[in-house]
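Comments concern the structure below.
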Amino acid sequence: MEFRRVADILKNGQPQESVIIKGWVRTKRELKGFAFAEVNDGSSLAGLQIVLDSSLEQYESTLKKINTGSSIEVAGQLVASQGKGQKIELQVSKVTVYGEANPETYPLQKKRHSFEFLREINHLRAKTNTIGAVFRVRNACAKAIHEFFQNKGFLWIHSPIITTSDCEGAGEMFTVTNFDLDKLPKNEEGKVDYSQDFFGKPAFLTVSGQLQAEVMAMAFQNVYTFGPTFRAENSNTSRHLSEFWMIEPEMAFCDLEGDQNLAEEFLKYIFQYVLDHCPEDLEFFNKWIDKTILGNIDNIINHEFERVTYTKAIALLEKASKKFDFPVEWGIDLQSEHERYLAEELFQKPVIVTNYPKDIKAFYMRLDEGEKTVSAMDVLAPGIGEIIGGSQREERLDVLERRMQETNVETDNLWWYLDLRRYGTVPHAGFGLGFERLVQFITGMKNIRDVIPFPRTPDNAEF
RNA sequence: UCCUCGGUAGCUCAGUGGUAGAGCGGUCGACUGUUAAUCGAUUGGUCGUAGGUUCGAAUCCCACCCGGGGAGCCA
C-alpha cells in the first residue's frame with residue numbers, strides 16, 4: 001500500500017494498484033448496499049471517486065461519519081470505473097475517519113456559494129473548487145516568476161518591509177511604531193517626538209521595493225523583488241488591497257527598449273507556464289468564471305506586443321471614430337476606456353505605450369530629450385488594461401536633483417538614492433506589476449479579495 | 001473618501017401596509033453504478049440593529065452597522 005496524491009492517481013493510476021489516499025470528502029451518494037464518495041486532497045481540481053461496499057467493517061456507522069467536509073484516510077485497490085464520469089476509482093478496503101464535519105452546521109454545501117459568503121468563512125473557502133483552483137494557479141504563477149528570473153541570472157532581492165523613506169512612490173503608508181499610543185512623547189512644539197520611537201525617526205511599511213532594487217542592481221546588474229507591499233489608501237474596490245505582493249525587476253545597463261523586451265518576454269513566459277501546468281484549473285475558470293480568459297492568454301502568448309509612444313497613442317485616439325467619456329488631448333493621463341480601445345479594438349493585442357508626459361509620471365523616470373516626456377512605459381493587455389508599469393530611471397545626478405525639486409520630493413531621506421548617481425551610475429530600467437492583478441487576469445476572478453489567501457482591506461483584517 | 005444598490009431560513013432569493021414564502025441544503029425513507037444522483041416526505045425565521053409613524057410594519061420614515069458594484073487613487 002502506497003500513499004499517493006489524488007492528482008498523481010488521476011494522471012498515472014492503473015487498475016490493480018493498491019493505494020492509500022488522505023483527504024476531505026466533497027460529496028457522498030448513498031445507494032442500497034453501497035455508496036460513492038468524492039475525496040479531494042487539494043492536489044487537483046478533480047477528486048477521486050471512492051466506492052464503499054456494505055461488506056466493509058462497521059459499514060453503517062462509518063458511512064454516517066463520512067459527510068461533506070469530513071477528513072478521511074482510505075486504503076484500497078484502484079479499479080476501472082463502471083460509471084461514466086471517471087476512468088478510475090478506488091474500491092475501498094479500509095477507512096479511517098480523522099475528523100467528522102457535522103452536516104447540520106458545516107457551512108459549505110454541495111453547491112455553489114457566493115464569493116461574498118465565502119469571504120465570511122475565509123478559513124474554509126480553500127476547500128471549494130474555485131478558490132482551490134485560484135491558489136493552485138497563484139502558486140504556479142509564483143513558481144513561473146522565480147523560474148523566469150532565475151533562469152536569466154537575476155538575483156532575488158529581499159527588499160525591506162520596514163522603511164523610513166516616506167516618499168518611495170505613491171500612496172499613503174502605514175506607520176510602524178512601538179510607542180504606547182495612549183502616552184505619545186511630545187517635543188517642544190507639541191508634536192510627536194519620533195526621536196524616541198523604535199527607529200529614532202518615523203518608520204513605515206514599504207509601498208515598493210523599487211528604490212532598494214535599484215541599489216542592488218548597481219552591484220548585481222539584474223535583480224528582482226517579489227514580496228509584500230502595503231498601502232494605507234482608503235480605497236474600496238475590486239482591484240485594491242491594503243496588503244499585496246509585487247514583482248519589480250531592475251536591470252543595470254538597460255534602456256527603455258530593453259525594459260519593454262523583458263516585460264514582453266516575462267508575460268509570455270508566465271502565461272505559457274500556467275497554461276502548461278494548470279490546464280484543468282484554467283479550463284474550469286474559462287467555463288465557470290470568465291469565458292474569455294483562454295482567448296486572452298492565447299492573445300498574449302502568440303502576438304508580438306504593439307509598441308507606440310504616448311504622443312502617437314494620443315493621435316490615434318483623436319482619430320478614432322469612437323466617442324470617449326473623457327476627452328483626449330496631449331497631456332492627459334490615459335483613462336481605462338482609452339487603454340481598452342487601444343488594446344482591444346485598435347490593435348487587438350497587447351500594447352506598450354511609452355514616453356509619457358513628465359507631469360503625470362514619477363520623479364525617478366528618465367527625462368527624454370526635449371524635456372517634455374519621460375522614458376516610462378505601460379503594458380496594456382486586452383481584457384484587463386494596464387498590467388505592467390515601468391520606466392528607464394534617471395541616472396544623471398543633476399537631472400534627478402532638479403526633478404526632485406520640481407516635484408517636491410524630499411531629498412534628506414534619499415541621500416543614498418542620489419549616491420547611486422554619484423558613484424558609478426549607469427543607465428538602468430525596470431518595471432513593476434501587482435501579483436494579485438496578474439492572478440486576477442489569468443483566472444478571470446472579478447474581485448481581488450478572492451485571489452489572495454487572507455485579504456486585508458480597509459476595515460477588514462480578519463483571519 | 002464620494003456615488004449607488006442591497007441586508008428576509010444554513011445558502012441563493014421572492015414578498016413593497018393586513019396570518020412569513022420558494023429552490024437548494026439538513027433530516028427521515030425508497031433505490032444494486034451514482035456524478036452538485038434521483039424520487040417521496042419533513043425540518044428551518046427576533047425579516048441587519050435601535051428608534052419612530054400606524055389599529056396593524058419585512059414593507060413607510062430616521063439613525064447606525066455590515067456587504068456588493070462604480071468613481072477617485074493606484075498595483
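Throughout, a chain's letter reflects where its sequence line sits, starting with A, and its residues are numbered from 1. Owing to the predicted nature of the structure, the values given are computational and were not obtained by experimental measurement.
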Ignoring backbone atoms, establish whether [X] has a side-chain N or O less than 4.0 Å from OP1 or OP2 of [N].
X: A:S238; N: B:G70; result: yes
X: A:Q82; N: B:U34; result: no
X: A:K110; N: B:A36; result: no
X: A:R29; N: B:A36; result: no
X: A:N447; N: B:G69; result: yes

Can you check the distance between [N] and [M], where both ends of the measurement are the [atom1] atom (answer in whole Å)?
N: B:G68; M: B:C13; atom1: C1'; answer: 15 Å
N: B:A9; M: B:G21; atom1: P; answer: 14 Å
N: B:C60; M: B:A22; atom1: P; answer: 23 Å
N: B:G10; M: B:U38; atom1: P; answer: 23 Å
N: B:G56; M: B:U19; atom1: P; answer: 15 Å
N: B:C28; M: B:G44; atom1: P; answer: 15 Å
N: B:U54; M: B:U16; atom1: P; answer: 23 Å
N: B:C24; M: B:G48; atom1: P; answer: 24 Å

How would nucleotides 5-15 of chain B be written as a contact map, 5' to 3', with B for base contact, S for sugar-phosphate-only contact and - for no contact, using protein heavy atoms under 4.0 Å? -----BBS---

Do you see a donor-acceptor pair shorter than 3.5 Å between the side chains of A:Y224 and A:E250? no

Separation of atom [atom1] in [X] from atom [atom2] in [N], rounded to whole Å:
X: A:M246; N: B:C74; atom1: CE; atom2: P; value: 13 Å
X: A:R449; N: B:C66; atom1: CZ; atom2: C1'; value: 13 Å
X: A:F36; N: B:U32; atom1: CZ; atom2: P; value: 13 Å
X: A:R119; N: B:G69; atom1: CZ; atom2: C1'; value: 11 Å
X: A:K84; N: B:U38; atom1: NZ; atom2: P; value: 17 Å
X: A:N236; N: B:C65; atom1: CG; atom2: P; value: 14 Å
X: A:F326; N: B:A71; atom1: CZ; atom2: P; value: 9 Å
X: A:E172; N: B:C74; atom1: CD; atom2: P; value: 12 Å

The residue among A:Y269, A:W156, A:F266, A:F226 that forms ring pair (Phe, Tyr, Trp, His ring centres under 6.0 Å) with A:F149 is A:F266

Any ion pair linking [Y] and [X] (charged N to carboxylate O, less than 4.0 Å)?
X: A:E394; Y: A:R403; result: no
X: A:K22; Y: A:D41; result: no
X: A:D290; Y: A:K446; result: yes
X: A:K28; Y: A:E30; result: yes
X: A:K287; Y: A:E283; result: no

Within the structure provided, determine whether A:L48 and A:V74 are in side-chain contact (heavy-atom separation under 4.5 Å). no

Assess whether one donor atom and one acceptor atom, taken from the side chain of A:Q86 and the base of B:G33, lie less than 3.5 Å apart. no

Reckon [X] touches a base, only the sugar-phosphate, or nothing at all at heavy-atom distances under 4.0 Å?
X: A:S235; value: base
X: A:E30; value: base
X: A:G434; value: sugar-phosphate
X: A:Q49; value: base
X: A:L241; value: base
X: A:Q335; value: sugar-phosphate
X: A:G33; value: nothing

Are the ring centres of A:Y59 and A:F34 closer than 6.0 Å? no

Could you tell me the Watson-Crick or G-U partner of [N], where both distances fall under 3.5 Å? Say none if there is no partner.
N: B:A30; result: B:U38
N: B:G67; result: B:C5
N: B:U19; result: none

Syn/anti state for B:G23 [syn: chi within 90° of 0]: anti

Classify the glycosidic conformation of B:U19 as syn or anti, calling it syn when the angle lies within 90° of 0. anti

Enter the distance from A:T27:OG1 to A:K110:NZ here, rounded to the nearest 0.5 Å. 4.0 Å

Checking B:G33, B:A36, B:C74 against the side chain of A:R239 (C-beta onward), the nearest is B:C74

Can you tell which of B:U1, B:C73, B:U34 lies closest to the side chain of A:L31? B:U34

